[in-house]
S.K.: 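So that we are looking at the same thing, I have put the structure below in structure tokens.
Note that the structure is predicted; figures quoted are calculated from it, not measured. Both backbone and side-chain heavy atoms feed into the values below; hydrogens, waters and symmetry mates do not.
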Amino acid sequence: MSALTRSALLSVLFAASLAWGDEGEIASYQVDIDAPSDIESLLERYLDLYRWRDEKKTTPESLQLLVDRTPQEAAALLHTQGYFSSKITSRLENNGGNYRAVVEVDPGPLTRVGKIDFQLIGAITEDEAFYKRALTRLEGGWALAEGDVFTQAAWSDTKQRVINRMLARRYLTAHVTKSEVSVDPASNRADITMVIDSGPAYVFGPVTIKGLHRYPERIVKNRIDLQEGGEYRRKELADLQSDLQSMPQFGAAVVEAEPSATAPYIAPIVVNLQEVPLNKLALSLGYSTNTGPRAEAQYYYHNLLDRGWVGGIRAKLDGDEQEGELSIDFPQFKSGYSHRAYVNYTSSTVEGLDTETYKGGVSRTRKEDLIDRTLGIEYLRERRVNADGDLERPQALVAYYKWIRRDLDSRRDPKKGNILQLEGAGAVQGVATDESFVELYAQGVQYWKVGQGDVAFIRLELGQNFTKDPSKVPTDYLFRAGGANSVRGYDYQSLGITSDGTTEPGRVLATATAEYQHVVYKDWRAAVFVDYGDAADTWGSFDGQTGVGAGARWVSPVGVLGADLAYGVDAEQWRFYFSLGLTF
């Protein structure tokens, strides 16, 4: 019986003694531990002496039992940290009914890893080149090396990492046949033996799809890129499962391999799907510090013409902006691209500029692990009126391309990594377009983790529209700045070409943010920031505006919620903002 098992059994006996003890006699007690600080912290966290200290039914007899078994319990805890020759004593002192448990710990020297005997056996040895590469890769997964301090956590981590690497490719039935640590307390040495049997090499078998009742099978088959007879790779199954789960027709997807036990060694794939209803209605209410109260209704039908096309109707009221849209999203092709067609109407009044925009278009999107690519074409016709009553009616047939790369440690709460977004668009005069233009836009964010949990990041944004007459270019392809996720301390889209109570969009844009977030308590952080930027007609007329401020951040289950109080230095005004995340 192991030390940890004995400790668990004694805990049960101690709990039983509490249940049958004399409830009239209560022993409140103190615990004193004489040990190095790191070991003292470990014992305070896990010893039953601390866990039962506030138990009101503790009697002197049950307390003595608890003190008597503390050396065994503490020794088991110290083993996990690499101390296998510790000397531990405990005693219970009674001073006129005031009880005091005293634990003295001499941890002794740390045990270090001696010899490591790692063997890889099985069918993998028949392919010498692959065997050597695999052995090198597996040895790179070890969290322990000869001479390192042996800890249970590092040993458990090593076993998990090594077997996971082994299961990732070809050998999906690989298993550990021997896992042994031999500790010699006299020499403070731990010799390690691990043997992994690869089992046979597998190839992909046929794919079976289960759970389809409402939707056509081809929308799933078009997502499957597993070649029957091809080398088994676990990542391809994980990618397929994630891809299927992202489809609007399914609430859940599980992709599993069912390896054959005998030759030929094939791994048939089973895709289990959980369908969602054909109809979906979503209603939402909210508030934006940029545009005010918000209400939105969305309706989707997930199987137009029995082809798995998704038809959508969306209506939004957002402060001074109203929007309506009809769309059809087409299932992904085998090429990995999905397509979308839409018509949209938007009406807004922002900073004295009234705009009405009608647009329709089609787009083609491919999403990969880190990169999203979208290519599209759309026609826009706009009516905009400034505070003076000047009317402009630009139109354009625009081809555009968008590229986004997200390389983050976490999408929900990024602390390390970066995001880069690049866009390009263009239109040619005379082809349903009033004025030729080329628009280029870039935005990037870089995150750094500081210390244990602090976060710092910078955001840079740059854009320019190359055109002779911006009055003939739709607002969607010009620029304004200001507000949350832009230059805080200024009203939403209030930075641009200002004239007689109207802020009109310009041909150039540049903004930047630097922010530092410091952990205050658990998922709460305090933030300080500085923003800078402007939108203008030309770089010569660019006049950067500065905003500074402080705020609070809460890492919620859906992302980082922020509340900021910002001061616009140049405008000499205060503004308050709510926001959800920064990633795009």
S.K.: State, with a plain yes or no, whether a side-chain heavy atom of Arg525 is found less than 4.5 Å away from one of Val455.
M.R.: yes

S.K.: Does Phe250 reach the side chain of Leu212, with side-chain heavy atoms less than 4.5 Å apart?
M.R.: yes

S.K.: Would you call Arg91 and Glu104 a salt bridge, using N to O less than 4.0 angstrom?
M.R.: yes

S.K.: Assess the residue pair Leu138 and Phe118 against the criterion (side-chain contact (heavy atoms from CB on, under 4.5 Å)); give the C-alpha distance rounded to whole Å, side-chain angles, the decisive distance to 0.1 Å, and a yes or no.
M.R.: CA-CA 10 Å; Leu138 295 179; Phe118 176 56; 4.0 Å; yes

S.K.: With a 4.0 Å cut-off, would you call Asp32 and Arg100 a salt bridge?
M.R.: yes

S.K.: For residues Arg223 and Met247, determine if any side-chain heavy atom of one lies less than 4.5 Å from a side-chain heavy atom of the other.
M.R.: yes

S.K.: When you compare the side chains of Asp243 and Gln245, does any donor N or O come within less than 3.5 Å of an acceptor on the partner?
M.R.: no

S.K.: Checking Arg51 against Tyr46: charged group under 6.0 Å from the ring centre and within 45 degrees of the axis?
M.R.: no

S.K.: In plain terms, say whether Glu231 and Arg233 are close enough for a salt bridge, that is, a side-chain N and a carboxylate O under 4.0 Å apart.
M.R.: yes

S.K.: Within a reach of under 6.0 Å around NZ of Lys367, are more than 12 heavy atoms found that belong to other residues, nucleotides or ligands?
M.R.: no

S.K.: Salt bridge or not for Asp48 and Arg69, using N-O below 4.0 Å?
M.R.: yes

S.K.: Regarding Asp239 and Ser242, do their side chains bring together a donor and an acceptor under 3.5 Å, going by distance alone?
M.R.: no

S.K.: Could you name each residue pair satisfying side-chain hydrogen bond (donor to acceptor under 3.5 Å, both in side chains) that touches residues 138-155, not counting sequence neighbours?
M.R.: Gln152-Ser156

S.K.: Please work out whether the ring planes of His302 and Tyr300 are parallel, tilted or perpendicular, with thresholds of 30° and 60°.
M.R.: parallel

S.K.: Spell out, as yes or no, whether a donor-acceptor pair under 3.5 Å connects the side chain of Thr177 to the backbone of Asp197.
M.R.: no

S.K.: Kindly indicate whether the side chain of Tyr83, heavy atoms from C-beta on, has any atom under 4.5 Å from the side chain of Ile39.
M.R.: yes

S.K.: Please state whether the rings of Tyr202 and Tyr265 are parallel, tilted or perpendicular, taking 30° and 60° as the class boundaries.
M.R.: perpendicular

S.K.: So, are Arg553 and Asp413 salt-bridged, with charged N and O less than 4.0 Å apart?
M.R.: no

S.K.: Identify whether the distance between the nearest side-chain nitrogen and carboxylate oxygen of Arg488 and Asp564 falls below 4.0 Å.
M.R.: yes

S.K.: Would Asp372 and Arg406 pass as an ion pair if we require N to O under 4.0 Å?
M.R.: yes

S.K.: Is any side-chain heavy atom of Pro268 closer than 4.5 Å to a side-chain heavy atom of Thr208?
M.R.: no

S.K.: Which atom pair, heavy atoms only, marks the closest approach of Phe578 to Ala484?
M.R.: O-CB, 4.4 Å

S.K.: Do we see a donor-acceptor contact under 3.5 Å between the side chains of Ser85 and Asn188?
M.R.: yes

S.K.: Does any N or O in the side chain of Asn95 come within less than 3.5 Å of the main-chain N or O of Asn98, such that one atom is a donor and the other an acceptor?
M.R.: no

S.K.: Could you please spell out the steps behind the side-chain contact (heavy atoms from CB on, under 4.5 Å) verdict for Phe150 and Ile192?
M.R.: CA-CA 10 Å; Phe150 177 86; Ile192 297 174; 4.2 Å; yes

S.K.: Closer than 4.0 angstrom, basic N to acidic O: yes or no for Arg459 and Glu461?
M.R.: yes

S.K.: Would you say Leu49 and Val67 make side-chain contact, with heavy atoms under 4.5 Å?
M.R.: yes

S.K.: Would you say the side-chain atoms of Arg405 and Asn418 include a donor-acceptor pair closer than 3.5 Å?
M.R.: yes

S.K.: Are Thr173 and Pro200 close enough that some pair of their side-chain heavy atoms sits under 4.5 Å apart?
M.R.: yes

S.K.: Got a salt bridge between Asp191 and Arg189, using NZ or NE/NH1/NH2 to carboxylate O under 4.0 Å?
M.R.: yes

S.K.: Cut-off 3.5 Å, side chains only: do Asp531 and Thr513 have a donor facing an acceptor?
M.R.: yes

S.K.: Please check if the number of heavy atoms outside Tyr567 that lie under 6.0 Å from its OH is greater than 12.
M.R.: yes

